[in-house]
Amino acid sequence: MSILFINGSPRRQGNTATLGNRLLTNIPHTTLNLADYQLNFAQDQRETKQPQWDLTDDYEHLMTTYFAPASDIILGTPVYWYGMTGQLKVFMDRWFDSFSHDFPFAGKRIYLLVIGADQPEIKATGITQAVRYSCDWLEMAFCGTGVVTADGPQDVAHFATLPVSCQALRQKIKTNAK
Ligand SMILES: Cc1cc2nc3c(=O)[nH]c(=O)nc-3n(C[C@H](O)[C@H](O)[C@H](O)COP(=O)(O)O)c2cc1C
C-alpha cells in the first residue's frame, strides 16, 4: 500500500497542493509537484513501433521511482480553460508510450481532485471523463472525483471543512489503505 499525490498545478503551495494535503491528513503519502520536473511533449511513434522512451527529461524517472510502486494515486489539477493543466495533460499523454512498452498500470487505483473558480462541478466535468476513460483503457480503477470551488491561492487553506465530494474520496482512500 503506497499512496502518491501528484500536484498538476504550477502553484506549488496553491489550492491543489493544499487540498491534497488536507485530503491526506494523517495518511502516509508522497507528493510529487509536476512543475518541479521537465516533461517533454509526447511524440506519436506508433508507425515505427519504437517506443518514445525519451530519456532526455524526467518522465521515465517519475514513472519508475514514484508511479510504479504506488497502489493509490491522487491526481490533482486546477481547471485551466475548462480542462486539466498542461502539466498533467503532458504527463498523461506520455502514459501511452509507457503502455506501449508494458508499464504495469493495471490494478492501480486513481482518485481525482479538480479545483476551479468558475462552477467546476458543472463546467469542468470533461476532466473527470478524460481521467475515467483513460483509467478504463489502462485497466486502472477510477475511484472518483473531489471538486472544489476556489481561486486565490489561500482559498482552500481557509475552508473550515472539505466539501462532501472530498470527504467521500478521503474515506475511500482510508478504506482502500486498510
Ligand atoms: C491559465 C488559467 C486558466 C484558468 N482557467 C479556468 C477555467 O477555465 N475555469 C475555472 O473554473 N478556473 C480557471 N482558472 C482558475 C484556477 O482554476 C483557480 O485559480 C484554481 O484555484 C487554481 O488552483 P491552484 O492554486 O492549485 O493553482 C484558471 C487559472 C489560470 C491561471
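Note that ligands are numbered from 1 as they come in the structure, with each ligand's atoms numbered from 1 the same way. Starting from 1, each residue takes its place in the sequence as its number. Quantities reported herein were computed from a predicted structural model and do not represent experimental measurements.
- Taking a heavy-atom cut-off of under 4.0 Å, ligand 1 is surrounded by S9, R11, G14, N15, T16, P78, V79, Y80, W81, Y82, I115, G116, A117, D118, A150, D151.
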Per-pair distances, 0.1 Å, donor-acceptor, side chain in residues 17-24, under 3.5 Å, sequence neighbours excluded:
| residue | atom | partner | partner atom | Å |
| --- | --- | --- | --- | --- |
| T18 | OG1 | G14 | O | 2.8 |
| R22 | NH1 | V156 | O | 2.9 |
| R22 | NH1 | F159 | O | 2.7 |
| R22 | NH2 | F159 | O | 3.1 |
| R22 | NH2 | A160 | O | 3.4 |

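- Checked for salt-bridge contact, D136 and R132 miss the test: no charged N lies under 4.0 Å from a carboxylate O.
- Nearest heavy atom pair, residue V148 against residue P120, reads O-CG, 3.5 Å.
- Taking the six-membered ring where the residue is Trp, F67 and F105 present perpendicular rings, their angle passing 60° and hence far from 30°.
- Of the N and O atoms on the side chains of Y37 and D57, not one donor lies less than 3.5 Å from an acceptor on the other residue.
- A donor-acceptor contact under 3.5 angstrom links the side chains of Y111 and D72, judged on distance only.
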